[in-house]
Amino acid sequence: MIQAASAVLAQEGMGSGSLLMTVLPFVLLIAVFYFMMIRPENKRKKAEEKMRSELAVGDEISTIGGLVGTICAIKEDTVVIETSADRVRVEFTKTAVAGKRVSAESKK
């Protein structure tokens, strides 16, 4: 039945219309895929990069491994943090920083 319908359309000169109807779902699928998955991921990466570039000495951060500490030095690609009251210092790459932590003082 579908073959008969496509044969009739081809005879009537509407073959290019059927090509459009064949390609249109793929174009829509690609557009939905872009706006639902690729674009939000790019926005998230840009926000993380901006946060990492704005790190400053004294900021309280958490790492992707779960360590929490205060930044005491910033180098080109690394960050040195103090993790506790006994002043243990650990050096991490900037990409290991998961985010800034909001302290109780800044909430007020």
Side-chain angles (χ1 to χ4, degrees):
M1 184 145 146
I2 295 174
Q3 291 176 348
S6 63
V8 170
L9 288 175
Q11 289 175 356
E12 293 178 4
M14 299 207 175
S16 64
S18 67
L19 178 65
L20 177 66
M21 295 305 284
T22 304
V23 174
L24 186 64
F26 292 112
V27 172
L28 290 175
L29 183 66
I30 291 170
V32 167
F33 184 74
Y34 175 77
F35 283 108
M36 297 297 285
M37 299 195 56
I38 297 172
R39 191 166 180 243
E41 181 68 18
N42 288 341
K43 280 185 164 183
R44 185 188 61 80
K45 284 182 182 179
K46 284 181 183 179
E48 285 179 353
E49 188 62 35
K50 182 181 177 195
M51 179 270 303
R52 289 180 180 133
S53 69
E54 294 176 348
L55 291 175
V57 175
D59 287 346
E60 191 173 317
I61 62 166
S62 61
T63 65
I64 57 175
L67 257 56
V68 177
T70 305
I71 297 176
C72 60
I74 298 177
K75 299 177 184 175
E76 186 175 328
D77 292 329
T78 61
V79 175
V80 179
I81 64 170
E82 288 183 353
T83 59
S84 62
D86 58 351
R87 299 179 59 97
V88 174
R89 291 186 179 198
V90 184
E91 186 171 359
F92 292 97
T93 61
K94 284 187 177 181
T95 56
V97 176
K100 290 183 184 179
R101 294 180 48 98
V102 179
S103 64
E105 296 172 2
S106 63
K107 286 183 181 178
K108 294 178 183 180

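- Residues Ile71 and Val88 share a single hydrophobic cluster, defined by chaining ILVMFWY side chains whose heavy atoms lie under 4.5 Å apart.
- Under a hydrophobic clustering in which Ile, Leu, Val, Met, Phe, Trp and Tyr are joined whenever their side-chain heavy atoms come within less than 4.5 Å, directly or via other members, Leu20 and Leu28 fall into different clusters.
- Under the 4.5 Å side-chain heavy-atom criterion for Ile, Leu, Val, Met, Phe, Trp and Tyr, Tyr34 and Val32 are members of the same hydrophobic cluster.
- Not a single salt bridge (charged side-chain N to carboxylate O under 4.0 Å, His left out) links Glu49 to another residue, sequence neighbours left out.
- Taking each heavy atom of Ala56 and Asp59 in turn, the nearest pair found is N-OD2, 3.0 Å.
- Taken from CD1 in Ile74 to CD1 in Ile81, the straight-line distance is 11.5 Å, to the nearest 0.5 Å.
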Working for side chain to side chain contact (heavy atoms under 4.5 Å, CB included), residues Lys46 and Lys43: CA-CA 5 Å; Lys46 284 181 183 179; Lys43 280 185 164 183; 5.8 Å; no

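- Between Val97 and Met51, the closest side-chain pair of non-hydrogen atoms falls below 4.5 Å.
- The shortest heavy-atom contact between Ile61 and Arg101 is O-CD, 3.8 Å.
- A salt bridge links Arg44 to Glu41: at least one charged side-chain nitrogen sits closer than 4.0 Å to a carboxylate oxygen.
- The list of salt bridge (Lys or Arg N to Asp or Glu O under 4.0 Å) pairs with a residue in residues 83-94, not counting sequence neighbours, reads Lys75-Glu91, Glu82-Arg87, Glu82-Arg89.
- Here the straight-line distance linking atom CD1 of Ile64 with atom OG1 of Thr95 works out to 6.5 Å at 0.5 Å rounding.
- Residues Val79 and Val90 share a single hydrophobic cluster, defined by chaining ILVMFWY side chains whose heavy atoms lie under 4.5 Å apart.
- The OG1 atom of Thr63 sits 4.5 Å away from atom CG of Leu67, with the distance rounded to the nearest 0.5 Å.
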